[in-house]
Each structure stands twice: as structure tokens, then as C-alpha cells.
S.K.: 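Can you keep this structure in mind? I'll have questions shortly.
Lettering follows sequence order; numbering is per chain, from 1. As a basis for the values below, the full set of heavy atoms in this structure was taken, side chains included, without hydrogen atoms, waters or symmetry mates.
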Protein chains: 2
Amino acid sequence: MKSRPQKRVTAESRAKEKSASPGGRPKGTEKTLNRQTVVAAALEEIDRGGLEAFSVRNVAKRLGVYPTAVAWHAASRGQLLADVVTLALVDVRPPGFHDSWQGYLRQTFHRFREAVRRHPNIAPLIGTQMLANPTVELEFIEGLLASLHHAGFSGTRLVAAYNAVLAAIVGFTAQEFAPLPPEQTSQWQEEMRERLAGVQRVRYPLLADNMKLLGNKAFTLRWQNGSEAPLDASFEAFIEIFIAGLERFRSVG
Amino acid sequence: MKSRPQKRVTAESRAKEKSASPGGRPKGTEKTLNRQTVVAAALEEIDRGGLEAFSVRNVAKRLGVYPTAVAWHAASRGQLLADVVTLALVDVRPPGFHDSWQGYLRQTFHRFREAVRRHPNIAPLIGTQMLANPTVELEFIEGLLASLHHAGFSGTRLVAAYNAVLAAIVGFTAQEFAPLPPEQTSQWQEEMRERLAGVQRVRYPLLADNMKLLGNKAFTLRWQNGSEAPLDASFEAFIEIFIAGLERFRSVG
DNA sequence: ACCTGAACACCGTTCAAGT
DNA sequence: ACCTGAACACCGTTCAAGT
């Protein structure tokens, strides 16, 4: 239980910290640790070695300080991970103006996926740490609400549509880039392929008949994740399915 | 790196183990540990204390054995967690026959959500451990493929539709039941409410105007998760949005 | 085959002490 | 305010030894 005051990481506070380098020292050569420096180092650590390799102590090693120095800025391991997600998802909100709400949603889906693609090892966190994360940018949420409002949703249907967008966007990307089991991957891959090759047509006709199309291209039937075998076609289809569903949902009820 | 032989947990192997209680001893009083006993104990441990409390050593304590005895059956912590997800999601496949593919999908969505509701603390795992989990039941996959085939999908569009179903179903439930930050929850809840109450209408008009509807009912704007504040209405809407989208996707391209 | 028991190299977080 | 340094109660997994 920390009683120490903790600043929130928001777009504003982050910009403020950046410009407030004490004594006018050049930005790149800060002698003291920032909260943003620590979070950035944590993200680098995860990018390099995955969540398995991540630890407060490793981040400290990367920064050349004692583990307790990291703890001072990060408050807790959980909070640090939440901040890492926020950092990785910065700038997902589509910039500029848009002609249609469908176009805005398509861009949001694509930009979100690109953000996860840049930091695939955070995939297991986005479903977990975003939900109840006060550090998530309100601009992103307001942008989604605006596009859905423009589509004609209001009241409880606006809430439902918003939840549907987040469920869809997080569900696809989290699974697409989820890590493979680390225990000797190549061996596991071989097992997976053998198992799929041995599927009996009698019991699983559709699986067997479509195995060539499904293998490594369908969730739970893959031996590589989105970093090595991206599901581009399925993602595009998913966006169109979802938007078509929203268009329909708009006109019923 | 274990070279020891590891059995796969499938519907078949599980049934086999069950019926093969050595020496005809009554089922409840096995003296030796099973793989299924260990997995069940792990799930109980997670149900009780969440993923934070989970450890191989705690499971061992629960079973009254040394940590290394658990390790012998579980191969690794990661594999144990994967098996836990498989156990929690057993029987999600809708039973019996169905009049329409839409009805089958609706049931699948509901049954999946009920399974997660029964074990909400596994929510962070379902997006991570299902994707590439060879222990996931092929019956579940075949069932989904059958309903989508019945809807008229085949080839690459069948693959896309299947991926869309899993993305949707996992995305909603994983987020709905994702755990709140453990660090003194009530204090965090207060912070969250204050932050949402203080949203400026000038910058975030839609957020501000709909805060009463959104608060605790929309992803990233909640201070409770699905166990305490279920998102029933949004879930029902989500299902209809998604199915309507599939119906549309069927007739284009 | 299955478990004990000790051991190894970690881990997050605390607390007191320095500056 | 920010960091060192030692310490605490853990952790997953190994290995050798028992039965």
C-alpha cells in the first residue's frame, strides 16, 4: 500500500513532464528517472523478451538503477503494465476529419491493429488492462462515441454500439497477436501440425475438408501468431461484417 | 525442458483417466494425484483468489503435496493455465439440434459467456491461452464450422466467418469479466468515479452528456466488472449486431 | 511411476538510510 | 524528491533420492 502521491499519465501530464526538464538540461540526457522513462523502458523490455521476460528488476537493470528506484516511479507492477498498454496505444485515434462514420470506424480498427502489431507482446494485456484503465485516453472514447452518434445511435443503443466496437476490436487483435507457448516453440509447432493433419473426416468433416484453408489461418488452429502469419483477409472481412451489423442495428428496435 | 512423456488433455483422454481408477478404489478417494485433479485444484485456486494468488506452490498446498509433485503432473505453469482454460470452457458447445444457424450461434455466445461467468477470474487467459491451444475441443470448432456452413459459407469466407465468431465472443467476455486493479479496489473505484464526474463537456461533449448511461456500463468507463455489474443489454445487442453482419456478409462479395 | 526434499536463481515490495 | 542498499517472503523449476 503506497501512500505516496502518484501522478496520472494522461496526454496533458505527459506533455507537461516533457517540457519541464529542470535547469534547462537537454532532453535526451536527463540524469533523473521519469515516470515516462520507466514506462518506455518497460515497453522496450516487453518488446524484446515478451511478458515472460518482463520484471521490475529487469527494467531496473535496463535503466541501470536499483529495482526500488523503478518501484518509486511505477507504484506497482500492475500499474506499470497498465501504463505500458496506454503508451503502446497512444495515437490510435484517427486524425483529421472523415466523410463517413463507417470510414472512421474502419480507420480505428486498422490503426488499433497496427499499434498492436508494433508491440505484439502486449497482446495478452489489452483485453485485461484496458477495460478498467483510467489512463486510457478520453479522446479515443469521445471519437468513437462521436462516430456512432453520427451514425444515428443515442441513449442505451449508443452504449451498446460502443461496447460492441471495443469488444470486436480488442477480441480480434488480442487473439491474432497472442503469443505461442514458449516451451520449445518449434517442437510445439510440429505437434500442432501433426494433430491437425490427423483429424478424422468421420468425426470432423468440415475441419478435415477445410484444413488447408484453416491451418495457421484460423484461431485455435494456428502454429504461428499474427507477427509471423497475419490474418489480413479475415480482419478485413471482420470489419465489414461488423460495420454491416451496425448499419442493420441502427434501423431496428 | 522436460523430456518426460505428457498426455494430452482431450475429451477422450479425460474420460479414460476417469474410468481407470486403479484397483477399483472409489473415485473420490484416490490416493495418488491425477492430472485432472491438479488442473481442477488449479481452477479452484484461481476461482478463490484470482490469477494474482495463483501459483504452483499454492496449488500444491491446496492438494497437500510438495510443489514438485504438482510440477510432475503439470509439466509447466503455462501448460497448467492452458489446461485450466480448457476445463473451464468444457461443455460450451450447444447440445442437441437446432433449427437455424442463427440460433446455434446465439446459444454458443450465451453458453460461452455463462462459462466465463462461472469462472470470471480466468477472463485474462481466454484471449491468450485459447488461440494456440491444442487442448481446445475440436467438437466446439466443428460445431461452429457446421453452423456457418449451414449459413452458406465455404472456402475462405468460412474461415473469415469462423475467425469473426471467435474474435467477437472472446472479445466481449474477456473484457466484461476482466479483473479490476487489485490495489485497494474501493479507493480506485472512487478515483474512477471522480474522474468520470469531472469530464469537461467542452472537450468531451458526448462523454459528458451520456455519462449516466455510460458509467459502469461501458468498457474503460467502469468501476466494477461483469461479476458485479453484468452488461446484459450490451451483450444481447452485440449478438444481434454480429449475426446481422454475418447475414449481410453471406450475400455480398 | 510418482513423490519427497533440498537447492538455485529468481521475483515484487518493505523499510531504513542516504543525498 | 529521488535513489541506494539490505532484507523479506515469495516464486518456478532442477536435480537427486526415495518407494
S.K.: Can you measure A/E45 atom CD to C/dG12 atom P for me and round it to whole angstrom units?
M.R.: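 The answer, rounded to whole Å, is 11 Å.
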
S.K.: Any side-chain N or O of A/N58 under 4.0 Å from OP1/OP2 of C/dC11?
M.R.: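 For C/dC11, OP1 or OP2 has a side-chain N or O of A/N58 closer than 4.0 Å.
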
S.K.: Report yes if the side chains of A/T220 and B/Y162 come closer than 4.5 Å at any heavy-atom pair, otherwise no.
M.R.: yes

S.K.: Both distances below 3.5 Å, Watson-Crick or wobble geometry, any strand: find the nucleotide opposite C/dC8.
M.R.: D/dG12

S.K.: Does B/E139 come within less than 4.0 Å of B/R93, counting only side-chain N to carboxylate O?
M.R.: no

S.K.: Would you kindly compare A/A69 and A/R57 by the position of their nearest DNA chain D nucleotide and give the one closer to the 5′ end?
M.R.: A/A69

S.K.: Expressed in angstrom and rounded to an integer, what is the separation of B/W72 atom CH2 from D/dG18 atom P?
M.R.: 20 Å

S.K.: Find the distance B/L51:CG to D/dC11:C1' and express it as a whole number of Å.
M.R.: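 Atom-to-atom, B/L51 to D/dC11, this comes out as 15 Å.
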
S.K.: When rounded to the nearest 0.5 angstrom, what distance separates CD1 in B/I46 from CG in B/N58?
M.R.: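 The distance works out to 11.0 Å.
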
S.K.: Whom does D/dA1 pair with, Watson-Crick or G-U wobble, provided both distances fall under 3.5 Å?
M.R.: C/dT19

S.K.: Strictly below 4.0 Å: does A/Y66 bring a side-chain N or O up to OP1 or OP2 of D/dG5?
M.R.: yes

S.K.: Respond yes when some side-chain nitrogen or oxygen of B/N34 is under 4.0 Å from OP1 or OP2 of C/dC2, and no when none is.
M.R.: no

S.K.: Counting any heavy atom closer than 4.0 Å, what does B/R77 reach on the DNA or RNA strands: base, sugar-phosphate only, or nothing?
M.R.: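 B/R77: backbone/sugar contact only, no base atoms under 4.0 Å.
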
S.K.: Looking only at side-chain N and O atoms, does A/H73 come under 4.0 Å of OP1 or OP2 in D/dA1?
M.R.: no

S.K.: Here's a test of your reading of the structure: between A/A53 and A/T68, which maps to the more 5' nucleotide of DNA chain C?
M.R.: A/A53

S.K.: Taking only side-chain nitrogens and oxygens of A/S55, does any of them come within less than 4.0 Å of OP1 or OP2 of C/dC11?
M.R.: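 Indeed, a polar side-chain atom of A/S55 lies that close.
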
S.K.: Quick one: do B/R117 and B/E114 make a salt bridge, cutoff under 4.0 Å?
M.R.: yes

